[in-house]
Amino acid sequence: MAPRWPEEVDVFSVPHSRMKKLVHKYSDLITTTDFRDEDHLTTLLENLKNVFSEFKAHERIENMLIMKRLRIKLRAASVTSAAVCNCHSDNRLTDMLDLVLDGYRWTQKTERERQLYGRKLRHALEDFTQNFIPHMEEEEEVFQPMLMQYFSYEELKELKAKVIQQHCIS
Ligand code: FEO
């Protein structure tokens, strides 16, 4: 299917392609990790820590560069959008990162306890993924059209370049 927007003004697709790769990565890892094994668990936690730190950086960049500016544009046009205001309002990423960091303490416990932690982590990751994929789709399908409506083409080109640059350096 042809992209709906010219690539040079599509601010979400490139970062989201990276985020979706990370989702696949942890989905594979979680299914192959033997939680009874301390080294397996430690390797998984290191990977998840990096993944969720990257997700948090992604969210920060979107808040700082996209949502904040979109809100200003909407306000200037006297338009209110609860979706834009609430887009990153929950603590899902922070909670996931906390759960991952908490996992290091379980590496020192019994096999049985590590398995219990693994079960909890697996469920939390599934729940997170079920929300994160639709969240990215919402940004692509709802917010990108809003950006097209309220920003000039040149503004969006510049915005996309900044978004990509920030993802590269964070
Ligand atoms: Fe692009 Fe808010 O995740």
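Order of appearance sets the numbers: ligands from 1, and atoms from 1 within every ligand. This chain uses plain numbering: 1 for the first residue, then up along the sequence.
- With hydrogens and angles left out, the side-chain atoms of Lys56 and Thr94 include a donor and acceptor closer than 3.5 Å.
- With respect to Ile30, the side chain to side chain contact (heavy atoms under 4.5 Å, CB included) criterion is satisfied by exactly one of Arg122, Lys25, Glu126: Arg122.
- Here Glu62 meets the criterion, with an N, O or S atom under 2.8 Å of atom 2 (Fe) of ligand 1.
- Distances from atom 2 (Fe) of ligand 1 show that His88 has an N/O/S atom below 2.8 Å.
- Between atom 1 (Fe) of ligand 1 and Glu139 there is an N/O/S contact shorter than 2.8 Å.
- No donor-acceptor pair closer than 3.5 Å links the side chain of His135 to the backbone N or O of Asn131.
- Taking the six-membered ring where the residue is Trp, the centroids of Tyr117 and Tyr104 are separated by 6.0 Å or more.
- The aromatic rings of Phe12 and Phe143 lie tilted to each other, with the angle between the two planes from 30° to 60°.
- Residue contact annotation: His16 places an N/O/S atom under 2.8 Å from atom 1 (Fe) of ligand 1.
- Within the 2.8 Å limit, His58 places no N, O or S atom next to atom 2 (Fe) of ligand 1.
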